[in-house]
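Single-structure report; data block below.
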Amino acid sequence: MARATTNAAAAPAPAQELSGPAQHGLELYRRMLVIRRFEETVQSLFQKGEVHGTTHLYIGEEAGAVGVGDVLKAQDRAAGTYRGHGHALGLGVDPQALLDEMLGRASGVCGGRAGSMNVIDLAHRLIGCFGIIGGSISAATGAALALRREDGVAVAFFGEGTTNHGYFHECLNFAAVRKLPVLYMCENNLYGEFTPWEDVTAGEIEARPRTLGIHTETIDGNDVWAVREAAGAAVERARAGEGPQFIQSMTYRFVGHSRSDPGAYRKPGELDRWKQRDPLLVARTKLTGELGVPPSGVDEVDAAVEAQIDAMIEAALAAPYPDPSLPVREFAPQAEHAP
Amino acid sequence: MARATTNAAAAPAPAQELSGPAQHGLELYRRMLVIRRFEETVQSLFQKGEVHGTTHLYIGEEAGAVGVGDVLKAQDRAAGTYRGHGHALGLGVDPQALLDEMLGRASGVCGGRAGSMNVIDLAHRLIGCFGIIGGSISAATGAALALRREDGVAVAFFGEGTTNHGYFHECLNFAAVRKLPVLYMCENNLYGEFTPWEDVTAGEIEARPRTLGIHTETIDGNDVWAVREAAGAAVERARAGEGPQFIQSMTYRFVGHSRSDPGAYRKPGELDRWKQRDPLLVARTKLTGELGVPPSGVDEVDAAVEAQIDAMIEAALAAPYPDPSLPVREFAPQAEHAP
Amino acid sequence: MADLEFRRAIRDALDEELARDERVVFFGEDVAKPGGVFAVTPGLFDAHGEERVFDTPISELAITGAAFGAAVSGLRPVIEIMFGDFLPLAMDGLVNQAAKYWYLSNEQASVPLVVRSAVGAGGRFGAIHSQSPVPWFQAVPGLRIVAPSTPVDAKALLKGAIRDDNPVLFFEHKRLYSIKEPLPDDPIEAATLGEARVVREGGDLTVVTAMRGVHDALAAAEQLSADGIELEVIDLRTLRPLDLPTVLASVRKTNRLLALEEGPLTGGWAGELVARVSEEALGELDDVWRLTTKDLPIPYSPPLEDAFLPGTDAIVANVRGRLVAA
Amino acid sequence: MADLEFRRAIRDALDEELARDERVVFFGEDVAKPGGVFAVTPGLFDAHGEERVFDTPISELAITGAAFGAAVSGLRPVIEIMFGDFLPLAMDGLVNQAAKYWYLSNEQASVPLVVRSAVGAGGRFGAIHSQSPVPWFQAVPGLRIVAPSTPVDAKALLKGAIRDDNPVLFFEHKRLYSIKEPLPDDPIEAATLGEARVVREGGDLTVVTAMRGVHDALAAAEQLSADGIELEVIDLRTLRPLDLPTVLASVRKTNRLLALEEGPLTGGWAGELVARVSEEALGELDDVWRLTTKDLPIPYSPPLEDAFLPGTDAIVANVRGRLVAA
Ligand SMILES: Cc1ncc(C[n+]2csc(CCOP(=O)(O)OP(=O)(O)O)c2C)c(N)n1
Ligand SMILES: Cc1ncc(C[n+]2csc(CCOP(=O)(O)OP(=O)(O)O)c2C)c(N)n1
Ligand SMILES: [Mg+2]
Ligand SMILES: [Mg+2]
């Protein structure tokens, strides 16, 4: 189980004479943009009948996965959800292999077997994307049992709706009691499917982990630097033996929950207000302002990502489907075990 | 589904010229004593091979079930646990039918089908005793959905170890969101089986329901009057539409978790300290002190209960076993449904 | 004449039972205000109000456990567990509480409770949103499992399930939601659970199936008829308990049984059916076999999933191979 | 020569595997400091320390989910779900995560995970502490189910299960914990999963069973032998996958199959076995049937439970009735 040490996807960031923070900021922006364009691609290929079943897009929430992915070390791992394309890309999963998977191609990251909701890529530290609510939480909790042996930290991504699930409560208590190095990254996008969080959730979400003695924080999930900072500190506290950490990352999904969602549940004006806090916009503003990146520098990234995605689509559509006649093994064969 | 309106078991309390509170206190004492003697009987009949499998005794915790049972109305219901003999008796289940059930007799409250861990007696408001951790919580939560239509309240008994279970979290949130009339009665006897609660439980238990906006209270679970008062107020708040209520009732089990338990986990001196707070002792002290009952009055109750139990044992041992050759119906037959 | 869509049939059954019986309540994730992720339950919230029809937290333990508690306390709950794949999270309340209560209570009370769940593959939903949960529950005494194949049956059987006094799992195959059939003139009444139906007569081979498999088997039967092979197709409609008499009567005529199940070979209802028929009619059987999926998770990729499922073509090929070889 | 008790065999297997392989960890409710509610795991906590052997909260979702996460991240967890009856609460992690990972990940990683659980009736534990969970899991591709009948096998198979790279359910029948057999001279090595064993040869009828049923069948065979009826008894040892070749070889000799299962008639492994054998060897079967419990919850009352279970007397009566009638 090799683990990659890089978050770099194909296209390099422009190597002008930018400062370290600016350079790094531009790279964060680029990663978010790759996710955004990736998701738009999935959406349009879904409409064209090339992506199937259902998909849950991460549009509007990109800062979360990119911010967290940026602070993880080689020995760390993360578990994402059915809304996991962003989680995967944030960890450095190859966008081409991910897109191929969406299209059910043999070159997909799971050979086309998994599809949108169940992507697994251990080489890029992705334990998996979990179609079952709470699956990411328990997987990361367990991974932490293993990773702590090599100074690693596990991250679980999940939505606010998931904090009502038994998995959430049991695993956070379990991790707290065992002081496991795990970051519980709750992406609060205000809705679970079509239901507003406040309709089905008693009390304040952040208070739940806090009563378990877990360090908690609520952050602006649309500011990639804010996410980075909070996640970085949390991961290092976890690594230092301070036990599980909880972040509530406030964000918003700009598109439907899944393919067919008219969004009737949204409150008036809500979508527009959140769009003004689009993580890409927030990043561009900071880059071209505070960080002194010329607008053309950002435009260059835009163009590079555009080109990258165009090439990816072409390659994905040309990739072969898996061959159904090939034999498949139900069980893993026995590996050698040292005595 | 008839519901009994009385908590009175067979033997009447002595009807001297006692004050109301004294009279009532003596009755509470009597009910606790019935549970105590019942449990001792189960224990000794277990050793004699007349009670089978496993049993979980309520010895030391009697004030909880009696205090709660005393404040419930005819339209209320409760769900107990595998440690449920006390819960059942507290609600008014016939001790003879309950003992017969322990002995697997046809005259048992469930015809001998259920045994110690699964007793059900709807006629006495007992939804059931639940062998699965959390079963009582979910059953009472659901019952509250029904009972609120008739101004009823549901009670769930469960141990502190159960607050780490998914059922606990999911149901309390569910009940809080729907403002259900349910009292969550957490009997904290410091151990889940052989494991000290603090080894497996993060944070303070009472804080968990509190963060869900549920009214909570921690009480002396060995003082039947304290239980009565807290439970009575909680049940009436629930009935009044204030939503779910939580009581942490601090208590201690004097005997093993189940039949074979050497109790090695107990802290030195702990058992002795708690025995000084034996609910029967606490009650006797208050009765003969503050409430002005002559010691002979209490002794009379002791003797009456003793006689009652002796007769019960004899009757139970003489009761016939169910006939295995009788036909049994897998499914309930169709009842008439009004159109 | 108007058409009845499968999803609409479900909705109407719920609507009518909610109207008919005050004790009926309906809850689940996103079922009330949003009307369900498969758009099956729109309008019920508006028609019957928030006390009777409501959205729950994402809490399968609580939903199922609460439905059980409500059912033994006077209500007749219908719950939705969105995808059948999530039923393991609801299983304790069904297996350990609801299914045992009637017996353990010595018949004090039954548990009138229905769990609706969308099941089945073919929609490219992947391994964890496409399973058939039947095998997980078929060995649970006290449970009924209903699996309709047509809109009219869906309505009649759901009404029957709601009026049944036992816990019922009601499975809705995702690839049936959009099928339609003409609305009959007479109102659709509640059907009794547990009765299979011969949906096509034929003398050469009895094909027993359910849900989507009924449509695939009927289509295969048409093709095979051209070859002179006549299938008798039985729609089980209820998968627990199995209607053995109807199956045996047919097998005694055709002497051949194919159990067609969308689900893994090992441990499914098809195996149970083959075992029952073999036990009861060994001497009258010339051939008996199953057509199912392989013992593997359900793949996402379209060509993989298509090849994985025992659809019409697979049935035709399988029957031809078997009957020509025989 | 010293005796090996079943519960001790389990303990020793764990102890030796914990010592052999650093990646092995063991956790569950009351398993570490208290040594287990069936006194199966004493001393492991002292020997291997709190990082490797620990007590958990009462949290079956977390225990199983965490075991899965640990298994795909480099550990080889063994967990205890105290009673098999509690497995519905652990099922999601097993069915939807562990069992599918190898396939869905396109063989990136396997899930070396063992779930130990005490199963079976006859101990007067009542309906919710006595079940056989096999049927709930037998239709789950990617899972193995191991069910030993003797102390030596228990040790060998548990070691084999821990070294197996797939998720394994390891069932310990409560009425076997106290049985003993002589300790062999040679160390007990890990057994390969999936291999049945003919434990008694006989020409008249093949009886296939597992766990406690093996002992009951052998005792019945002795009694029936006096009548001139010779049973061939097969101990399946692994219930998923079934070792069909061993069963078929025997059935081809005896032409009669009795599948003996402690569990409900409908939907158990016995049905699956009968179906397989009927499909594969229909022409060679003179008779095939099952002896199981009724489709009811398990009763508490001793006379009810005794009559409910297919013990030695029931087997003898059943076989006599069937073979004399034949
Ligand atoms: C156990 C389980 N129950 C229900 C679902 C269906 N479901 C998928 S996404 C979702 C909403 C999740 O909301 P949240 O946790 O807020 O995450 P978000 O989708 O908003 O990112 C639900 C109910 C599921 N996948 N698994
Ligand atoms: C789901 C489930 N897991 C485990 C058990 C085994 N078990 C029975 S009692 C018990 C301890 C419960 O402790 P607590 O909740 O404190 O209640 P107490 O027994 O102390 O009254 C456990 C783990 C069970 N019955 N159900
Ligand atoms: Mg959300
Ligand atoms: Mg306790």
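The chains referred to below are lettered A, B, ... by the order of the sequence lines, with proteins before strands, and numbering in each begins at 1. Values in this document were obtained by computation on a predicted structure and should not be read as measured data. Just so it is clear, the values below take in all heavy atoms, side chains as well, and ignore hydrogens, waters and symmetry mates.
- The residue among B/R149, B/E330, B/R178 with the most heavy atom pairs within less than 4.5 Å of chain C is B/R178.
- Aromatic pair B/Y58/B/H85: centroids not less than 6.0 angstrom apart.
- Note on C/D243 versus C/R197: no salt bridge recorded, every NZ/NE/NH1/NH2 to OD/OE distance being 4.0 Å or above.
- The candidate from C/A62, C/P77, C/P241 with the greatest count of non-hydrogen atom pairs under 4.5 Å with chain B is C/A62.
- Both the backbone and the side chain of C/Y103 come within contact range of chain B, each with at least one heavy atom under 4.5 Å from a heavy atom of that chain.
- Looking at C/V111, there are no atoms closer than 4.5 Å to chain B (heavy atoms on both sides), in backbone or side chain.
- Under a cutoff of 6.0 Å and an axis angle of 45°, C/R116 and C/F170 do not form a cation-pi pair.
- Between B/R239 and B/D151, no side-chain nitrogen of the basic residue sits less than 4.0 Å from a carboxylate oxygen of the acidic one, so the salt-bridge criterion is not met.
- Ionic pairing of C/R144 and C/D164 is present here: one or more N-O contacts between side-chain nitrogen and carboxylate oxygen are shorter than 4.0 angstrom.
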Task: Candidate pair C/H48 and C/F26, rule ring-ring contact (aromatic ring centres under 6.0 Å, His included), full reasoning - done: CA-CA 10 Å; C/H48 304 283; C/F26 173 52; 9.9 Å; no
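- Contacts with chain C were tallied for B/V177, B/D121, B/V109, B/I132; B/I132 has the most, counting heavy-atom pairs under 4.5 Å.
- The candidate with the highest count of non-hydrogen atom pairs below 4.5 Å against chain B, out of C/I63, C/L75, C/N166, is C/N166.
- Taking the side chain as every heavy atom from C-beta outward, C/V115 and C/L87 approach each other to under 4.5 Å.
- Contact of B/R329 with chain C is made through backbone and side chain together, with heavy-atom distances under 4.5 Å.
- Among the candidates C/N96, C/T192, C/T64, C/L61, the residue making the largest number of heavy-atom pairs closer than 4.5 Å to chain B is C/L61.
- Heavy-atom pairs under 4.5 Å with chain B were tallied for C/G93, C/S110, C/P141; the largest tally goes to C/P141.
- Contacts of B/V328 with chain C are made by side-chain atoms alone, with heavy-atom separations under 4.5 Å and no backbone atom involved.
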Open item on the list: For a ring-ring contact (aromatic ring centres under 6.0 Å, His included) check, start with the C-alpha distance between B/Y184 and B/F168, then their side-chain angles and the critical distance, and finish with the verdict.
Closed with: CA-CA 9 Å; B/Y184 295 104; B/F168 173 80; 7.3 Å; no
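- Across C/D92, C/I58, C/T56, the residue that shares the most heavy-atom pairs under 4.5 angstrom with chain B is C/D92.
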